Amino acid sequence: MRSIPALRGHSDLLAASGPSRLSALAGLQLVQAMFPVALVSAFSGVFEAVDRKAGPGRSGAVLSALLVLGVLLALQRLMELVVDPVQSRIARGIDVRLRDRVVRALYRPTTIEHSETSAMRGNLAVLGDDRRGHTPGNAIAAAVGLAAKILACCWCLAIVAERSPWAALIAALTLIVRRRLQQRSFGYIYASWSLIGAPARWYEYWRQFHIDPAAAKEIRVFGLADWSLGRFLSSAAARFEPVSRGRRRASRTSRLPFAVSAAGMFGALALVVGDHDLAGAGPVPALAAILTAWRLSEPAGENLAIEHARPVYRAATEVLAVSAKRAAAELEDAAPVVGIDAPAGPPPHIRFEQVDFHYPGTEITVLRGVDLDIRPGATIGVVGPNGAGKSTVTKLLARLYEPGAGRITVDGADLRGVDAAGWRGRIAVMPQNFVHYDLPLRSNVVLGAPERRHETAFVDAVLPRLGLEDLLAKLPDGWDTRLGAGGDGGVQLSGGEWQRVGLARAAFAVHAGRDIVVLDEPTAHLDAEAEALVLGQLGALAESATVIIVSHRLATIRRADRIVLLRAGRVAESGTHDELIALDGDYARMYAAQAEHYRADEDLDDADDPEDAGLEDVLEARR
Ligand SMILES: Nc1ncnc2c1ncn2[C@@H]1O[C@H](COP(=O)(O)OP(=O)(O)OP(=O)(O)O)[C@@H](O)[C@H]1O
C-alpha cells in the first residue's frame, strides 16, 4: 500500500471497506496466485508417474496424477469466478466510502468559495470522471492482487532454490531488476496523468455539452455541431495527448525490462537444465517454477490500475485538505457561536455594515461599502442594472460567501458567529437558478424544508393555490408526477411553470418556519396575472416574515417598505417608491421607462399595469 501515497492517513478507508472482506480478498488472491505453482507440482506428478517403471501400479498412478491436475485446473477456473465478484464488491465499498468522505468534507464549510477555485473544479472533475474504473477501490484491490503475486513468485523461487540455488538467485535478481525498470516506465504514464487537472474539467464540460438537452437546441438552431465537436475533440486531445505520449514513452522503455528479464530467465533455465539429469521429471518442477514466476511477474492490469488511480487519490486528498482548511479557518474567524433558534418572536434585525466583497480568485470588487438595514418583517426590494451585485447580496445573506470587509449582523451579532445550520433554518431562498430536480413534483416542493418533507397535508391543501392548480390538473399523476427531461417518463415544464414550482418550494419553507424569505427574480417568467396571484398567496403565507425580493420588474417591488437601488456594487439610492420617484434619480428614470413601455402596448390589460401588479399584492395580503 506504500505505492498509494494519498491513502496514507486514510487507512480507515481500508478498514471501512471491511477488514474481514479485505483479508478474505487477500486470502483468495493468494490462493489464486498459488494455483500456477500448484499446477507446476501437479505436472511434475504426471511426469513422475509416466516415468515410472512399467508395472501394475503405473496406470493407476498416471490416472491419479491426471485427476489431481484436472481438479486443480477446474478449481483454478472456479477461483476466478469467486474472486472477481468479491474484488469488485470491495473496490466499490472503498470508492463509495471515499466519495462519501469527499462530499461530506466539501459541504462541511459554511461557505462555498473553497469549491469555486479553478484547482478545486479540476479536482472535482477528476473525481467525477470514474467511468474508466480508475478508482481508488480498484487500485487497492489491484495492490492486494499484486502482493499475492509477489508472494506466489517467492514460492516459485523457493521451489527453484531447492533444486538449483544459483538459478533461483539469478531468477530473483532478474525479477527485481525487471520490476524496477517497469516502475520507471509506468512513471511516464503517471507523470502524464498527473497533468490532467484543468484539461479534465474542459474535457468534461465539452463532453457534457453534447448530451445537455438545453445545448442540443442551440446546437441545432445555430448550427454549432461541427464547431462544438471541434471543441470537444481539441479538449480530448489536450486531456489525452500527454497520456498517449506517456504511454508511447512507457512502451519504448518497456523493451529493456523485457530483454533483461528474457536474458536472466534464460540463464536461470539453462542453469537448472545444466544441474540435472534430463531423464524423467528431475528438472521439470524447477523449470516450470521459473516460467511461472516469470509469468506472474508479467505486468498485468495491476500496475496501471494503481497508477491511473493516482490523480484520483491526489484530487480526493486535495479536496479533503482544502475543505478541512476552509472549515478550520471559518471556525477560527468566527466570533463565538450565537444560537439562532426557530422563531418564537419576530424575524431578526439584519444589517449590512460597510460590506465589501469580491468573488474568490477574482480581482473585481463586486460590492463596495454596502449598508443595508433590514428591519424585522420588512419587505425590501432590490433593483439595479445587470451585474450591479443584487444576487451577490442574497448570497451573502444566505452566507454562501463572507464579506471581504465590513460585516453582516443579525440582531447585533456578526453573522460569521451565528450557528450556520440555525441561520439556514430561518431563511427560505429562491435563487435565480434554482434547482430543477428530476423528481416528483411533491419532492421538488418539499425539498424547501427537507426536515418537514413528510407533511403532505399542507402541500395538498394550500400549495395548489400558488398558481399550481392548472399544472396539477394536467400532470398525469398530480403531485407524484416525476418532473425533468421529457421522454423518459418525466414531464418537462415550461420556464414559468418551473418558477411556480420554485415559489411553492419557498412557500413550503415558510410553512416550515423560515421567516426570512429571499427571492431572486422570482417572477421573471410569469405573466402579470400569475405574478399577482402567486406573490399575493406567498405574501399571505409569509405574513410576518422579512421578505427580500430582487427584481428587474419595478412593478413587482414598487410597494416595498424600502427599495434599494444598487449600481456598480454600491447602494446608489434607497427609500420608498414615492421617495425615489421624488428624488428623480436612476430609479425614477427606470420606472418611467418601464411605465412608458407598458403604456406603449395598446393591448395592455389592467392586470399588466405596473401600478397594479406584483408586490402590491404581496403587501395587500400581508396587511
Ligand atoms: N461565482 C462568481 N464568480 C465570480 N464572479 C461572479 C460570480 N457570480 C457573479 N459574479 C460577478 O459579480 C458581479 C455581480 O453579479 P450579480 O449576480 O450579483 O449581479 P446582479 O445584479 O444580480 O445581475 P443580474 O441583474 O444580471 O442578475 C457580476 O459582474 C458577475 O460577473
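For ligands, and for the atoms within them, numbers begin at 1 and follow the listed sequence. These numbers were taken from a predicted model, which means no experiment stands behind them.
- Close to ligand 1: G389, with a non-hydrogen atom less than 4.0 angstrom away.
- Set against the non-hydrogen atoms of E116, the atoms of ligand 1 under 4.0 Å away are 1 (N).
- With sequence neighbours excluded, no residue satisfies ring-ring contact (aromatic ring centres under 6.0 Å, His included) with H114.
- Ligand 1 is never approached by E521 to a heavy-atom distance shorter than 4.0 Å.
- Taking distance alone, with nitrogen or oxygen atoms compared against 3.5 Å, G387 approaches ligand 1 more closely than that limit.
- Within the listing of ligand 1, atoms 17 (O), 18 (O), 20 (P), 22 (O) sit less than 4.0 angstrom from a heavy atom of S391.
- Nearest to atom 13 (C) of ligand 1 by heavy-atom distance, out of T394, V382, V366, is V366.
- For an aromatic pair to be called close, the ring centres must be under 6.0 Å apart, and F357 with Y401 satisfies this.
- Within a 4.0 Å radius of atom 4 (C) of ligand 1, the protein contributes at least one heavy atom.
- Judged purely by atom type and a 3.5 angstrom limit, R453 has no side-chain atom pairing as donor or acceptor with the backbone of S443.
- A donor-acceptor contact shorter than 3.5 Å is absent between the side chain of T365 and the backbone of L367.
- The atoms of ligand 1 that sit less than 4.0 Å from any heavy atom of H552 are 25 (O).
- Counting the atoms of ligand 1 from 1 in the order shown, those under 4.0 Å from a heavy atom of T392 are 14 (C), 15 (O), 16 (P), 18 (O).
- Remark: the backbone N or O of P348 is not paired with any side-chain donor or acceptor of D411 at under 3.5 angstrom.
- Proximity of atom 31 (O) of ligand 1 to the protein is not indicated, since no non-hydrogen protein atom lies closer than 4.0 angstrom.
- A236 pairs by the side-chain contact (heavy atoms from CB on, under 4.5 Å) definition with Y203, F240, not counting sequence neighbours.
- Distances from atom 27 (O) of ligand 1 to the heavy atoms of K395, K390, Q432 show the closest one on Q432.
- Geometrically, ligand 1 and N386 share a nitrogen or oxygen pair separated by less than 3.5 Å.
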